[in-house]
Every structure is written in C-alpha cells, then in structure tokens.
Amino acid sequence: MADTARDPPPDHTDFHELEDGEDLFPEPTSTLESGPASLPAEDISTNSNGPKQDSLFDDDTEDLFAEATEEVSLDSPERDVLLSDGPSPAITPITPPISVLTPRIGLAHDDMFTHSSFDEIEEEEGGDSFDMHISVSDPEKVGDGMNAYMAYKVSVKTSMSLFQSHEFSVKRRFSDFLGLHSKLASKYLHVGYIVPPAPEKSIVGMTKVKVGKEDQSSNEFVEKRRSALERYLMRTVKHPILLKDPDVLQFLESSELPRAVSTQALSSAGLLRMVNKAADAVNKMTIKMNESDAWFEEKQQHFENLDVQLRKLHASVESLVCHRKELSVNTAQFAKSAAMLGNSEDHTALSRALSQLAEVEEKIDQLHQDQANADFYLFSELLGDYVRLIIAVKGVFDHRIKTWQKWQDSQMLLQKKREAEAKLQFNNKPDKLQQAKDEIRELEGKVEQGEREFEQISKTIRKEVSRFEKERVKDFKAIIIKYLESLAQTQQQLIKYWDAFLPEAKAIS
Amino acid sequence: MMEEVKEVTSTLSVDIQSIKVTEVVKEGDTLTFLIVSEKLSGTGVYHVDRTYDDFEWLQQHLYSQEDVSGIQGVIFPPLPVKAQVNASAKVIKQLGILGLGEWQPYCKAMEAFLRQIATHSILGKNKAVEIFLTSSDPPGRQRARKNIFNRLSQAMEGMRKEGHKDVDEFFQTERDHNIVITGYAKTAAERFLDVVQTEQKIAVACGHFSTALRLCVEQGEDPDKLDFSKVCVKLSEVFDSIQKNMTSVTENNVSTLGLGLDLESRYQEAEKEMLFRRTCKLVELEITRRNAEKAKPVKKAAMEEVKKAAETEFDHISGVAKDEIARLQAARVKMLQQALVQWCEKQLLTAKESADQFNQHLRAFRGMA
C-alpha cells in the first residue's frame, strides 16, 4: 500500500522562498497536508493540497457537507463524517488534515494571502501547458454476488512534468471516484472553488450488474457510468488547482488506493438539498447580506437562469433520445415485414428488391441506434453534467454568503465586547478589564480574518466563474463538433445505402 | 374534334393521365375534393367538386353493372375509407398513412382511384365515370339499389365459404397466395406508418430543442457570454437543419413508398373480395348442380336451365378474373417498382442535401475560434 514517494515538482520556486522566509506560515502546528512525504515538517509546502490561506484560519469546522446525505442540522457537530475520511492514508501527513485543524489564534496576517494564492502557482506552472488525456475503460466485474464491484481501468497519457511517466494506468472502482470527490469537495468547495461533481450513484443499476444480469440494460448502465467517470476525471484535471492536488495525483498514479470508507459522497441530490438548506438558513438569519458587489448579484441571477435553461434543454434532448430509440425499433419491425413480403413474392425481381429493402432498413436501423447514442452520450450527458455543475456553482456562491455572515457575526461580537469593555472601564474592574482586552484583541483578529476570507472567496469565485464560462464554451463547441461529425457520417452512410439500392429497385420489371 | 359518343357505355372525353385531385376544401364537417381533368379535344379543362358521397355514388354504379357479363370477376379499384374532419381514433387507424398531414396523401389516393377506374377496360366505359369527371352538377345522390356487393351479407357468409375448396388449381393457388400476401402487405403498411409517425415526433422534438436553445442567448457584452450565445444560436441552426432533414425524409416516405404499400395492401384486399365472390358463385354453382341432379323429372329441365346459366356465368367470371389477376400482377409490380425507385431517388437526394448542410455547419463550428 505504499505510495510512490514523490519529489516536489521541479519548478517550485516557492518552496525555496518558504525555507528562507518565516513569515508565511510561522505557526508550526497546523499546516496543510503536505504532498511529498519527504518534506520537512516545519514548513508548509506550497504544493499544498488545499487553498493556502484557508487552512490556518478555519477554526470553524462547521460545514454544510453533512447535509449531503444525512439530515444533519447546520449546526450539528458531527459534520466531518462525510468529508474526507481522515487523512489520505497513503500519504503520511505531517500534520492533521484541514478539516480538523485547530483554530489559530492571534495570527498576524499579511498580504501574502492575497497574492500567495493560487495565482502564483498557476503562473509558475505556466510553462507546462495543459496536455493530458484520461480514458476510463475495460470495465471488469470483480467478485460475486452483492459484494461484487466493477473495476475500471484509468489510463493517462500526458506530457506534463507533473507526472512521473507519460503513459500509465491504474485500476479503480466507483467508490474510489466518490472518495476522491469527497476529499476535493471538503478541501476546496467552501473557499470558492467549483469542484466538479462526481457521477451519480445508482442502486438499481449497480444491483443488476452485481447480480450478474448480462443484458442490454446493464451493459448500457456500465457504459453510461464509464463515460461519466471519464468526463468527471477530465473535468477535474482541467482545473489547474485540482490537477495539482496530491489526492488527485495519487488517484491517477498510485497502483493501490486505500478504500474510501465513507463513500456517501456528495450526490448532486444531496448537494442540492444542502444548498437549499443553506439558502434557507441564510434567509432566516436576521441580517441579510448587503450585496455591495453588483457582479455577484448579476452572476447569481445568471446562474439561476442558466439552471432553468439547461434543465429545459436536457429534458428536450431526453425526449429526442427516446424517440430515436423508438424509431430504431420501428425500423427493425418494418424491415421484418419487408422481408416477409419479399419471401412470399412470386415475381422474382420484385421479390429480390423487397429482400434488399429489408436489408437496407436493417442497416438504417443500426444508423438510428448510433444516432441515438450520439444524441445521448454527447448532448444529454453534457447537459446533465452542466446541470450538476451549476449546483456546485450555486453552492460556492452560498458559501460566500456564509463567509460574509461569519465576518459580520465576528464584527457584531467585537462591537459588543467593546461596549462591555467600556462599561468595565467605567466601573473600574481591572482584572476583568484585562480579560476583556484580551478577548477584544482576539476578536479583532477574527474580524480581520473574516474580512480577508470574504475577500479571498469573492476573488476566487470571480476567477472560477470566468474559468467556468470559458470552459463551458470550449466544452459545448467540442461536443457539437463531434455531434456534427456523427451526423455527417450518418448521411454519408445513407447515401451509400441508397446508391446501392437504386439499381435493385430499377431492375424490377 | 372528337364528338362525344352518346352510348350507354361511353368513351371518356378526358385525358386520363391528366386527372388530378388538386385540393380538398373543408366546409364545416364536409370535405370537398376539387378534381381537374383536361379535355381530350384540347379545348380546355374540367373543374368539378365532389364529396366522398359522390365517390361512393360512382362506386355503387360500377358495382351494379349486372348486365356486364362476368362483372363479379373484376377486381374493383379500392376506394379509401371515408375521410372525416375530426375523425375518430378508429377511422384514423383505418386511414393509416392516408390520414397524415392535411389530406395530401389522401387526395393522391383518391386521384389514383379515379385513374384506375378510368383506365379499366370494363369499368372505364361506364358513363357514370364521364358524369363524375365532367358534370358541373354533383352526380345524383340517391343510394344505388342494393347490389351483390353488400358487404354485410358477405361478412356473415365469409366464414363458411372462404375456405371452400376450388375446382381450379390456378384459383386455389391464387386464393392461398392472396391470403398470405394480404396479411403481409397490411402489416408492412402499418409498420411503415409507425416509422413515419416516429420520424414526425423526432422532427417536433428537434424543433423544441432548437427553440429552447435560442432562449439561452444571453444579454450583455461579456465576451464569454457572447461566445456562448453564438454557440447556442449556431447549434439551434444545426437542429433546424436536422428537423428539416427529418421532415424531408418523412415526406419522401409518405409520398412514395408509403402510398405504394397502402395501395398494394388495399388492392390485395380488393382481389380477396373478388376471389371470394367467385368462390360464393362456385358454391352456388355446386348447389344448382346438386339441385339439377336431384330434381324430380318435372322440375329437371328448369333446374338444368338454372344450372347451365350458373355454369356460364361462373365461366365468364372465372375468365374475367384470370384476366384481372394477370392485369393486377403486372400493374402492382410496376407500381411497386415505381414507388421503390422514386423513394430511393428522393431519399438519396435528401441525404446528399443534408450531408452538404451538416458539413457546412461543421466547417462553421470548426472555424469558430
């Protein structure tokens, strides 16, 4: 189960910076999960597996993710159960993972957080432009009965220096993917990164496969899942931050992966429920967010609209797929009728032509099936993916509101403490006064932290949204081109069939 | 100039190939068909309007030609089921492919019916045909007298007589074969209709998708938004093309092979009816023979007369039937060939046009930076 020890990526100049400077993350106790196990303990590596600024100040382990699969209230303490199940065991962490970080007190922040963010990583790694192709293939049933599972081969082809070799593959099962998503979500979602959602679980689909039903519907299910897993991974690695996450790298490269224990990962339904609950909670709070930034208001509306439109488009395409499949069935039926007619026909040439007609119709049936698959795998799944992605986007916006709320709460508390302090001063209670002053200093720190977090998440979201919009256009274009190619090919095939049939039809006389 | 022949039977004064049902007009609940035909004299064109009842009038007149020897051996061109405004589900099912669209396939079928009658060597001579095509007044609407083609009585007797063994091997074979082909032809026509109707659903779904895409166009000058809007607009154009292609494919299907299969199916039924009439006559004949045999001397001569008459009639019918069968065979092979060739040519053209369009779209998308 040993993980391959990894050396830090060569271009990482930040690393050296860290060793010199001591002002970046001076607090030794809470650090980010370090990537390579070989890093010295006292410094935080910059190839961190999470957003830097967040790790140290997240005293609030309150997290909404528990909502995803359990009806846990927003303030419940048993929150982390569904997040990353502890540290990624294969990489022995030097320090505890982010999700259970102890709060840091009285840290002097500095501007390193605003610019020592992932902007730098992206720019420094800029020399290595994105060149990676992942395929998920060869689904293989492992085991028997209800304990059986499907193992998929995950193959990577890349020229990027981030990886140890240019072509490699590993075997993964569905819960591994869910585990990966769970880890990424717990690290990145609440600081504003749009983490691509994992493919949906399906009890019915999987049970059929386990039970060993080798029929068309279970084959279709496996293929649908395989395709979804491939798209999921590609989307994840296209994200410049997520690509460098050690969990992602481990997932892709490590020959053995510890089993994800709690794979009740964020299903989209769960995520949506969580988002809705968070939205409700935010609304119920007495102070509503004063959106000073029109950009966010506009974008929020934009994503609401997009959600509605995408769902409509998705429904439309589903209906199209359904009809195409029906057409395939009907064409096959007609082909059979034509064959029967041909067989009973006395007139030789007509009989032959009718039999040829039956053959042509059978071939056309196959074309309809191929087209239905194109409709489905290209458009229907693309739209479905984006509907789920929008849910993640909405979640990120809600986290921003929550972050703002936290900041406001700290401010209010500070205000109260100041008033209390003034009273104490007036009443001249020196011992209590000192305590009050300490508390105030602590709260001032919190307020500053809150403001910084809010600014950071706002900044991150702006970048993420911009990235999302660009990717969206690229994604759609790529799919549309593939679809058009399939359409053009179908017509070419039809032309061939008709060209071949015409002389047969003319020969009847 | 050709003079119009004033006989009980007449020669048609119109060019048969010019007979067209040009349109159908809805007047309340009634459908009125406008029929145009060119005068053989070259002096112009007849325009008449006829309802379905008028077509039935024509048909009844043709049925009731009892003076024509062997008339029961004729395979009568099949008249489509009555088209109705707001037709019931049952009627729509009976109409099959003829019930599609705004009655264009139906008009084509009615037109074919008229041409088939006009070109028939026996039927075309009936003056009812001339009246139907040329008279500006609607032909008499009285119901023709009850005739041998009363379908109801036929249906009742059908069970017993249909299977009655034939005396002529040719006809026995033909009857057996006809039953098989009638079944297959009907099924083929029905399944083809299923294909066509599903294609129509797909065309509609494409239209919806295209519309939904245009609604995704976003306002604003944000370059990413503009890019996405452009993608949506172009994709909606793609689906417009797909819709157009599907609509074309469907039209081609209906207007060629669809009509062909429908006609084949109805003609096989018509032949079945003719063969059945002959079989009924055969049964009658055998009865008269038995009666003649068993007749008491007093009645014997009369019975023999009856028997002879029945034999003669039966021979005539069989003679006409043989000709009709041969005629039908030749006609249907030609018709199906035409249908298949036209179908194939049209689909080939549509496929080429669509391939061009899709390639155009593909180039446009690839060109989009």
Side-chain angles (χ1 to χ4, degrees), chain A residues 298 302 305-306 309-310 312-313 315-317 319-320 322-324 326-327 329-331 333-334 336-338 340-341 343-347 349-350 353-354 357 361 379 466 469-470 472-473 476-477 480-481 483-485 487-488 490-492 494-495 497-499 501-502 504-509, chain B residues 177 180-181 184-185 187-192 194-195 197-199 201-202 204-206 208-209 212-213 215-216 218 220 222 224-225 227-228 230-232 234-235 238 241-242 245 257 264 329 332-334 336-337 340-341 343-345 347-348 350-352 354-355 358-359 361-362 365-366 368:
Chain A
E298 190 238 315
H302 162 70
N305 295 343
L306 191 59
Q309 285 156 359
L310 285 175
K312 257 197 227 147
L313 287 174
S316 213
V317 172
S319 151
L320 179 63
C322 184
H323 292 320
R324 277 241 212 248
E326 203 187 322
L327 182 59
V329 168
N330 289 343
T331 305
Q333 289 283 83
F334 174 66
K336 286 202 191 91
S337 303
M340 306 274 269
L341 264 180
N343 287 341
S344 333
E345 177 56 47
D346 283 337
H347 190 279
L350 179 58
L354 287 170
L357 170 63
E361 287 293 309
F379 278 118
S466 168
E469 305 277 70
K470 289 194 170 66
R472 175 171 68 140
V473 173
F476 271 70
K477 265 197 213 150
I480 292 169
I481 286 175
Y483 188 71
L484 278 168
E485 284 169 350
L487 282 177
T490 301
Q491 294 305 309
Q492 286 305 118
L494 274 174
I495 290 171
Y497 296 154
W498 295 130
D499 265 334
F501 182 70
L502 191 54
E504 296 289 336
K506 287 189 166 154
I508 311 166
S509 51
Chain B
H177 190 241
V180 168
I181 298 266
Y184 289 157
T187 308
E190 284 170 356
R191 288 184 176 174
F192 196 70
D194 288 340
V195 168
Q197 285 176 326
T198 313
E199 287 170 347
K201 285 188 207 165
I202 290 178
V204 169
C206 287
H208 283 159
F209 190 58
L213 280 168
L215 292 175
C216 286
E218 292 157 5
D222 181 343
D224 290 330
K225 272 197 189 164
D227 273 347
F228 190 67
K230 223 169 40 168
V231 167
C232 288
K234 288 226 85 59
L235 185 59
V238 170
S241 293
I242 297 175
N245 162 267
L257 190 54
E264 164 75 357
Q329 255 306 96
R332 66 179 276 276
V333 169
K334 185 159 171 245
L336 284 173
Q337 186 213 24
L340 286 169
V341 168
W343 178 65
C344 186
E345 284 173 345
Q347 298 292 33
L348 183 54
T350 298
K352 284 184 176 159
S354 300
F358 294 144
N359 279 320
H361 286 297
L362 189 52
F365 261 99
R366 284 192 178 137
M368 272 170 85

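This structure is a prediction, so every number in the text was calculated from the model and none was measured. Sequence lines set the chain letters: A, B, ... in the order given, protein chains first and strands last, and positions in each chain run from 1.
- At a 4.5 Å heavy-atom cutoff, the contact between A/Phe379 and chain B is made by side-chain atoms alone.
- Among B/Leu213, B/Leu362, B/Leu336, the residue making the largest number of heavy-atom pairs under 4.5 Å with chain A is B/Leu362.
- Contact tally against chain B (heavy-atom pairs below 4.5 Å) for A/Lys312, A/Gln492, A/Glu504, A/Arg324: the top residue is A/Arg324.
- Highest contact tally toward chain A, considering only B/Ser354, B/Cys216, B/Ala355, B/Cys232, is held by B/Cys216 [criterion: heavy-atom pairs under 4.5 Å].
- When heavy atoms are compared at a cutoff of 4.5 Å, B/Lys334 does not approach chain A at all.
- The most heavy-atom pairs under 4.5 Å with chain A, out of B/Ala188, B/Ala212, B/Cys206, come from B/Ala188.
- In terms of non-hydrogen atom pairs under 4.5 Å with chain B, the most contact-rich of A/Glu298, A/Lys336, A/Glu326 is A/Glu326.
- B/Val238 touches chain A through its side chain: at least one heavy atom from C-beta onward sits under 4.5 Å away, while N, CA, C and O do not.
- Considering only heavy-atom pairs separated by less than 4.5 Å from chain B, the leading option among A/Leu320, A/Leu494, A/Ile480 is A/Ile480.
- Under the ring-ring contact (aromatic ring centres under 6.0 Å, His included) criterion, B/Phe228 pairs with A/Phe476, sequence neighbours left out.
- Under a 3.5 Å cut-off, the side chain of A/Ser344 and the backbone N or O of A/Met340 do form a donor-acceptor pair.
- Considering every non-hydrogen atom in both B/Asp222 and B/Asp224, the closest pair reads OD1-N, 3.0 Å.
- Other residues, nucleotides and ligands contribute only 12 or fewer heavy atoms inside 6.0 Å of the NE2 atom of B/His208.
- For chain B, the nearby part of A/Leu357 is the side chain; its heavy atoms alone come within less than 4.5 Å.
- The candidate from B/Glu199, B/Glu264, B/Arg332 with the greatest count of non-hydrogen atom pairs under 4.5 Å with chain A is B/Arg332.
- Rounding to the nearest 0.5 Å gives a distance of 15.0 Å between OG1 of B/Thr187 and CZ of B/Phe192.
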As a quick check of understanding, evaluate salt bridge (charged side-chain N to carboxylate O under 4.0 Å, His left out) for A/Glu469 and B/Lys225, giving each step before the final call. CA-CA 7 Å; A/Glu469 305 277 70; B/Lys225 272 197 189 164; over 6 Å; no
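- With chain A as partner, the option from B/Gln337, B/Gln197, B/His361 having the largest number of non-hydrogen pairs under 4.5 angstrom is B/Gln337.
- For chain A, the option among B/Asn359, B/Ile242, B/Val180 with the highest count of heavy-atom pairs below 4.5 Å is B/Ile242.
- Among residues two or more places apart in sequence or in another chain, the salt bridge (charged side-chain N to carboxylate O under 4.0 Å, His left out) test is passed with B/Asp194 by none.
- Between chain B and the residues A/Leu350, A/Asp499, A/Thr490, A/Leu327, the largest count of heavy-atom pairs under 4.5 Å involves A/Leu327.
- Contact detail for A/Phe334 and B/Arg191: the closest heavy-atom pair is CA-CB, 4.0 Å.
- The two residues B/Phe358 and A/Leu484 have their closest heavy-atom pair at O-CD2, 4.1 Å.
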